[in-house]
Amino acid sequence: MSNGTNGINGTGVTPLRSFGGVVGGLIGLVATSAIAGLLVTASLTPVVALTGVATTSTINVFETLPDYLEIEPLAQRSNIYASRSDGSPVLLATLYDQNRVEVGWDDIGQNVKDAAIAGEDPRFYEHGGVDLQGTVRGALTTAFKGSVQGGSSITQQYVKNVLVQKCEMLPTEEEISDCYAAATVTTASRKLKEMRMAIGVEKKYAKNDILRQYLNIAGFGGRVYGIEAAAAYYYGTTAAGLTVAQAASLVAIVNNPGKFRLDRPASEANGAANGYQDNRERRDYILGEMLRYGKITQAEFDEAIAAPVEPTINEPSTGCQTAGSNAYFCDYVIHMLASDPVFGADEETRIKHIRRGGLSVYTTLDLDLQDAAVRTLNENVPKSLAGWDVGAVISSVEVGSGRVLAMAQNKDYSQDPEVQAAGNNWSSVNYNTDFATGGSRGFQPGSTYKVFTLAEWLSTGHSVDERVDSAPRSAWGTFNDSCLGPQNYDSEGWSPKNDANESGGNYSALESTIGSINTGFIGMAKRLDLCGIRKMAEAFGMHRADGEPLSQSASAVIGTNEVAPLSMAVAFAGIANNGVTCSPIVIDRMIGADGTEVPIPTSRCAQSVSPDVDHQMVAALSQVMTRGTAVQSNISTEPRVPMFGKTGTTDGAKDTWMSGASSKVATVVGVVTVTGNANQRARNFESGPAATARHRMWPDVMSVANAKYGGDPFPGVSVIPPPEEESSDDGDEDFDDDTDQDPQDQDDSDEND
């Protein structure tokens, strides 16, 4: 017995077995399953030994293997949605490693169930996990041809798929490859492992549960998994809606996905020219088995067998490129999902969860505002322009919640380097966001940044009526800096000027705000603490887009820090919210594959300035709209609600900005130079001067926002005077900002790298 068990004789040579011995051993093997309805270690092991197809190590493995597999959640695709005005969801993108939609028993048509059983395991409801006849056939082939062939029950196939799925969840490619090789190796040892586990599965789960999960887990070619996704991909229908012929064609693919898949019409062996011959032959075999076992009538068989194999491939939405003009927002959502610890311990875990977790992600994107942003960008700024790498951005944030309502730019989205090389209308970089979340390294905001000096001015007890010596000069003397020590730039010849060459001799803080007087704000900074101004900006959520610390030099007062437009929108929303700034969020809710709510990040809100200071800021910035540099944006917005704002133009009119808010929505619009240098005053778009495109776009977005969200009066601003239309600029006079800044604080090269 020991020699038989070990399969080795005294000379170390495996003895040959007679035909009768082989067959007898096989019959003994499968008879145990047939009689008992399952194979147990005690009865199977000696019989396996007699067959000679297993070594001692195989038997030991068999005896120590777990005897069941849990039916676990499968890798499923995740969907990202926006919302229409009526609240109904709109699919932006689908993300997956495996294109699968897991469905319940009642969502799988009877045609599919019958085709699977007839074609793969006719005695599925009779055996205990290992089919008697199938195992005999497969074992005979193994014994006489030297390789394991066929004979696997549906339960065994399910076990194999589960083991492969477990491999897919491993952290490294090497581990996945090794695991996959072990799970699919063609040996009797692996077959025995499947048999053992199949028996355990049958002990634990009902037949219908096993068949359901088999149809959900099975591969249907490429990255298509599960019968629901296969029905949608190949025929544009559901698993419940498949005809008899379609069901048989799809079940045929499971037998050999590489050979029988239906999405390669150019294939010579199995393509459109020959009617997908390989698939059809297998389909017709399955139809014959369905007829044989009484699953369909003769008439149904005749109709199905006559039907051509005609797939209508429906490529699923995958990745943010399918989100079209909403792709950059989609890209930002994915970056947030991948970076927030709420979704996993590390980035790799989070990404796998996103691509495999079957999540439904409902975002904050307001399609009314987003459509307005996209439309006005298309109307006012070209996607590419000869001699100028032009960019344009729009970000809108809901006041009080941090919800990002709109995010758009003037580029077509693509992650493909070859596509990007085709023209600078293509980009994968989101100009609205930080570098760490798929964005650029930021843009100088120009005079829009002055709001933080205004906040510090008022917070330290100064009034808007207080005047400062603000005459242009090349020697400003020493600035106070409680963090870095006294700062003096006189040796550098730093001499900021005013755009319209205003004398700036004795401006009040209010006059400097309304007219955006550079030297006025430098004069204010002389009476403040540069470190305090920087800390005030940080209190409103400001940070450099490249992740470096904010500069706090005197030139930073007039906007030389490269920041993300979204950060500025968040800050203006904080000003509109009684000085309470809320961090941006892009997800309203998430639903897991099991239908339960998934925890999501929440906005973090903090008091940036006191309400009293904030009310004074809003009162001053409101006058920018009615008699200052933002009149054009104000008079073009309809319906008009109480609003405040600030314009900005960087050195040499390279970048131009309009930032502002109602009590409900804050919006930032900018036209920027992505790389190189370009003076917007010397450029024109088809829609008009490049330098004033911001004033054509901001009203388009805020008009929609005002109509939808309304707007309340701001505390301390009882009545907003009617706009002084005669004061609106002609396209140039509102250039307000930051010429001749400190060269060390400017970086005009490759800001988007």
Side-chain angles (χ1 to χ4, degrees), residues 369 372-373 376 379-380 394-397 399 406 445-448 450-451 454 464 499-500 510-517 565 568-569 571-573 575-576 614-649 656-671 687-689 691-737:
L369 263 68
T376 195
E379 291 173 352
N380 287 286
I394 297 176
S395 280
S396 292
V397 173
V399 173
S447 288
T448 55
K450 291 174 181 173
V451 296
L454 177 63
V464 294
D499 189 77
L510 179 59
E511 289 171 335
S512 291
T513 300
I514 293 172
S516 198
I517 307 299
M568 192 61 72
F572 271 74
I575 298 171
D614 187 75
H615 299 162
Q616 294 179 66
M617 292 177 65
V618 172
L621 293 169
S622 295
Q623 295 188 60
V624 175
M625 303 293 283
T626 58
R627 59 192 186 99
T629 59
V631 167
Q632 185 179 349
S633 278
N634 190 41
I635 64 175
S636 299
T637 303
E638 184 64 36
R640 192 173 298 116
V641 301
M643 298 185 297
F644 65 86
K646 186 70 189 73
T647 57
T649 305
T656 56
W657 301 95
M658 173 60 205
S659 302
S662 67
S663 65
K664 303 298 183 181
V665 177
T667 294
V668 169
V669 171
V671 177
S687 63
T692 56
R694 52 181 165 164
H695 294 308
R696 296 189 290 277
M697 295 189 290
W698 194 87
D700 284 348
V701 177
M702 286 304 292
S703 292
V704 174
N706 291 352
K708 183 169 184 176
Y709 293 90
D712 302 320
F714 290 105
V717 186
S718 56
V719 177
I720 294 182
E724 301 173 8
E725 298 195 27
E726 66 273 9
S727 298
S728 63
D729 61 70
D730 62 4
D732 281 324
E733 65 189 31
D734 74 323
F735 280 93
D736 41 29
D737 306 325

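Heads up: numbering here begins at 1 and tracks the sequence.
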Check whether any side-chain heavy atom of Ser636 sits under 4.5 Å from a side-chain heavy atom of Arg696, and report yes or no.
no
What are the two closest non-hydrogen atoms of Ser396 and Val665, and how far apart are they?
CB-CG1, 4.2 Å
Considering only heavy atoms from C-beta outward, does the side chain of Thr376 approach that of Ile394 to under 4.5 Å?
yes
Calculate, to the nearest 0.5 Å, the distance between atoms CE and CG belonging to Met702 and Leu369 respectively.
8.0 Å
Could you walk me through whether Gln623 and Thr513 satisfy the side-chain contact (heavy atoms from CB on, under 4.5 Å) test, starting with their C-alpha distance in whole Å, then the side-chain angles of each, then the deciding distance to 0.1 Å, before giving a yes or no?
CA-CA 9 Å; Gln623 295 188 60; Thr513 300; over 6 Å; no
In terms of ring plane angle, is the pair Phe644 and Phe572 parallel, tilted or perpendicular, where the classes change at 30° and 60°?
parallel
Below 4.5 Å, heavy atoms only, C-beta onward: do Ile517 and Glu511 meet side chain to side chain?
no
Quick one: does any side-chain atom of Lys450 pair with a main-chain N or O of Ser516 as donor and acceptor, under 3.5 Å?
yes
Nearest non-hydrogen partners of Ala573 and Val397, listed with the distance
CB-CG1, 4.2 Å
For the backbone of Thr667 and the side chain of Trp698, can you confirm whether one donor and one acceptor N or O come within less than 3.5 Å of each other?
yes
Measure from the side-chain N and O atoms of Arg694 to the backbone N and O of Trp657, and report whether any donor-acceptor pair falls under 3.5 Å.
yes
Rounded to the nearest 0.5 Å, how far does CG of Leu454 lie from NZ of Lys646?
10.0 Å
For Ala630 and Met625 the tightest heavy-atom approach is CB-SD, 3.6 Å
Minimum heavy-atom separation for Pro639 to Ser703, with atom names?
CD-O, 3.7 Å
Distance, nearest 0.5 Å, that separates CE of Met658 from OG1 of Thr629:
7.5 Å
Do Arg640 and Asn634 make a side-chain contact, defined as non-hydrogen atoms from C-beta onward lying under 4.5 Å apart?
yes
Please check this pair: side chain of Arg627 against backbone of Val624, looking for a donor-acceptor N/O pair closer than 3.5 Å.
no
Leu621 vs Phe714 side-chain heavy atoms within contact, under 4.5 Å:
no
So do the side chains of Pro642 and Val717 get within less than 4.5 Å of each other, counting heavy atoms only?
no
Is there a side-chain contact between Met697 and Val671 (heavy atoms, below 4.5 Å)?
yes
Do Asp712 and Lys664 come close enough that some side-chain heavy atom pair is under 4.5 Å?
yes
Of all the heavy-atom pairs spanning Val399 and Ser662, show the shortest one and how long it is.
CG2-O, 3.8 Å
Nearest heavy-atom neighbours spanning Ser659 and Val668:
OG-CG2, 3.4 Å
